[in-house]
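Data first, discussion second: the structure below is written as structure tokens.
Lettering follows sequence order; numbering is per chain, from 1. Excluded from the calculations below are hydrogen atoms, water molecules and symmetry mates; all remaining heavy atoms, backbone and side chain alike, are included.
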2 protein chains.
Amino acid sequence: MVTIADVARHAGVAASTVSYVLSGKRTISTDTRERVQRSVHALGYRPNASARALASQRSNVLALVIPLRTGMHVPVMMQFATAVVTTARRFDHDVLLLTADEGPDGLERVAQSSLVDALVVMDVELHDERVPVLRELPMPSVLIGYPDDADGLTCIDLDFVAAGAHCVDHLADLGHRSLALLGTPSAVYERQTGFAQRTLTGFVEAAERRGVLGVETPCEHTFDAILHTVEQLLSDHPDITGLVVQNEPIIGPLLDVLRRLGRRVPEDMSLVAICADDVAERQVPQLSSVSIPAERIGDQAVESLIAKLEGGEVPSLTLVPPTLTARGSTCPHGDLTTA
Amino acid sequence: MVTIADVARHAGVAASTVSYVLSGKRTISTDTRERVQRSVHALGYRPNASARALASQRSNVLALVIPLRTGMHVPVMMQFATAVVTTARRFDHDVLLLTADEGPDGLERVAQSSLVDALVVMDVELHDERVPVLRELPMPSVLIGYPDDADGLTCIDLDFVAAGAHCVDHLADLGHRSLALLGTPSAVYERQTGFAQRTLTGFVEAAERRGVLGVETPCEHTFDAILHTVEQLLSDHPDITGLVVQNEPIIGPLLDVLRRLGRRVPEDMSLVAICADDVAERQVPQLSSVSIPAERIGDQAVESLIAKLEGGEVPSLTLVPPTLTARGSTCPHGDLTTA
DNA sequence: AAGGGGTGTCGAAGCGCTTCGACTGGGGTA
DNA sequence: TACCCCAGTCGAAGCGCTTCGACACCCCTT
């Protein structure tokens, strides 16, 4: 392995000069700089990450904590992860992958051993036991999602309350008077997962505001569960004509179920999904949907984290406004002129 | 931050003694050991990872290179990633996440800067430009999947040739004489991705051996593409009664397509999938399938890597034998007594 | 001609740990 | 009794880098 001393010798300068050429932290004459750069190239020098981290107290590594929980939709998580890694690399940082099952201890471990400089935590629950740990940790962190008490934290999330409301508004605007929210598996609600709770809140509030019926039910992932849930729903509330779905993996089977029950989409049943755009576009008919801007949120998380590392101030809570794209799964219902 | 010197002072011993207590590399009297351990606890000491890495030339971090390529099935990749992280933690290692789009340079970067001790590389192509780099790198690596020339490498993979053959054998045993392989998107074949190529090879060879018709076609992910592909297939080869599918995301829509075309599964068309068990079990009917033991392969990859780090010898190529589980999507065809 | 202020470079002191060789003292052997 | 050996501990020397203060040297001012 070639060290900074080898480069210094080769270029005929002191090691510290090489360091300053590489970091740009002091002015170096053009002549010296170029000579050093040539030596770096010639020898194929790569700074040793540990030595650098030890001396500078910066590892240039971010921790990314991803959930491995039941009911989480994997492709969306991967989009977050990918965005985080890609953006981290833009800022010359690497990403250490932690799974949520290490819990709060895992955060303490990587933070207190100075393995990482900062943390990105996904899948935050309303009352998350990692939150107090994050508050005490001697390094910045950013949460994707946010707990009940976001004080002293930096959180970024899609505004799921608005997302739930948008769906209701869209359907209500089309004249639908009875709506249902087909949500995530009940385990997700029981964990008090923020995004699920908030969508529900937005859905319920908007339904009230618009004076329409808004019922909600969790839904598991198996075909039978979907079939049973929808049958139950439609027998309890036969007049439902608008469905909001926040549960990506059931979307395909749900369309089958509706077909099997003789409900055409959108003629008999309008449907709005909260899901990634490509999923919505892949269905037949294409689904009206509120998209999940995973890439944007992942980018933003890393950018905020880097800003905090450099001593900048970032807002405590950033809510990304949702956008609804109307596609072929929703259509007007009833006599709109009286609505 | 509390350092090893603080612990040593607190326990009334030398810093090196603390180090030896922690590493177990020299014998320490029970008395001293316990005193040191109490001090470690009392002060909440965590060794500094960079200092440790610098002094010991071991970072205790593995690199995991995951693909972000078109056509890859995300949930399966996450299963690999999860298994790798979990097993790495069992061996007291962490995992640095790299995306494949950093290419060979990314491998060199993390290896030569001593950021990691070893690498796990997923989604290996038959002629992978990262392979020569891996051969030269001064540290061990394990590939999940394997290139044409696996010499000097350590590779682990499901035996996809056998997987393809198993599917054919299963269908042929049931009396089917005309089979088709519905494969991955053509981009995956064009990249010369090992698993896709090998399944194809196994499928073709087995069809030949069994004296049955075996045609193959790639298939994109959109509904229209699936519909078109299947229609084309059935019009070119109307007598096809057995389908092998290696393309997880199309499984749901494919069942729709068959239904729409009036082919009942399994009465009119038997279907074997190469996919994760939970996906197979979620369908109606449940699918006969060859499962992808992602967890087992991920575990095995890390175990081999750790063994190599400790100087052990590991086989160059480990092929995990596939297992086929018959479920409700395959049934006998024709007059079996004459087959 | 003397003084002052940049600019560019160097040397040395750490960063917190591991590891090597050396030392001590107690127990066994000859 | 003299010797040796081993278990247990210590001190010091690094690992490869960053960073601080010091120091030339040159140019400009007065």
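- Taking only side-chain nitrogens and oxygens, B:Thr32 comes nearer than 4.0 Å to OP1 or OP2 of D:dT9.
- Computed from coordinates, the B:Asn48 CG to D:dC17 P distance equals 17 Å when rounded to whole Å.
- B:Thr3 comes within contact range of the sugar-phosphate backbone alone, with a heavy-atom separation under 4.0 Å but no base atom that close.
- Backbone-only engagement by B:Ser29 is indicated by non-hydrogen atom pairs under 4.0 Å involving sugar-phosphate atoms exclusively.
- Distances from the side chain of B:Ala14 to the nucleotides C:dT18, D:dG16, D:dG11 place D:dG11 closest.
- Distance alone, capped at 3.5 Å, places no donor-acceptor pair between the A:Thr17 side chain and the A:Val13 backbone.
- For B:Ser19, counting side-chain heavy atoms from C-beta on, the closest listed nucleotide (C:dT19, D:dT9, D:dT19) is C:dT19.
- In terms of phosphate contacts, B:Tyr20 brings no side-chain nitrogen or oxygen within less than 4.0 Å of OP1 or OP2 of D:dG11.
- Following rounding to the nearest Å, B:Arg58 (CZ) and D:dG16 (P) show an atom-to-atom distance of 16 Å.
- Here the CG atom belonging to B:Asp123 is positioned 10.5 Å from the CD1 atom belonging to B:Ile144, to the nearest 0.5 angstrom.
- No donor-acceptor pair under 3.5 Å is formed between the side chain of A:Ser114 and the backbone N or O of B:Asn48.
- Residue A:Ser114 is classed as having no contact, given no heavy-atom separation below 4.0 Å to the nucleic acid.
- A:Ser16 has no side-chain polar atom (N or O) that falls below the 4.0 Å cut-off from OP1 or OP2 of C:dG11.
- One interatomic measurement links the two molecules: CZ of A:Arg9 to P of D:dC17, which rounds to 12 Å at whole-angstrom precision.
- Side-chain N/O atoms of A:Arg26 and base N/O atoms of D:dG21 include a donor-acceptor pair closer than 3.5 Å.
- Ranked by how close their nearest DNA chain D nucleotide is to the 5' end, B:Ala55 and B:Thr27 are led by B:Thr27.
- Side-chain N/O atoms of B:Lys25 include none lying less than 4.0 angstrom from OP1 or OP2 on C:dT18.
- As a whole-Å value, the separation of A:Arg33 CZ from C:dG8 P is 9 Å.
- When the nucleotides C:dC20, D:dG8, D:dC17 are ranked by their closest atom to the side chain of A:Pro47, D:dC17 comes out on top.
- Between the side chains of B:Thr32 and B:Ser29, a donor-acceptor pair is found at a separation under 3.5 Å.
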Could you walk me through whether A:Val40 and A:His10 pass the side chain to side chain contact (heavy atoms under 4.5 Å, CB included) check?
-> CA-CA 9 Å; A:Val40 165; A:His10 187 271; over 6 Å; no
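- A straight line from CG of B:Leu54 to C1' of D:dA13 spans 13 Å, rounded to a whole angstrom.
- Closest approach to the B:Thr17 side chain among D:dC10, C:dC17, D:dT18 is made by D:dC10 (side chain taken as heavy atoms from C-beta onward).
- Rounded to whole Å, atom P of D:dT9 lies 8 Å from atom CG of B:Asp31.
- Nearest nucleotide to the side chain of A:Ser56, out of C:dT18, D:dT18, C:dC15: D:dT18.
- If you measure from atom CD1 of A:Ile4 to atom P of D:dG14, you get 19 Å, rounded to the nearest angstrom.
- Between the OH atom of B:Tyr45 and the C1' atom of C:dT18 there is a distance of 10 Å, given to the nearest Å.
- More than 12 heavy atoms of other residues, nucleotides or ligands sit less than 6.0 Å from atom CZ of B:Arg135.
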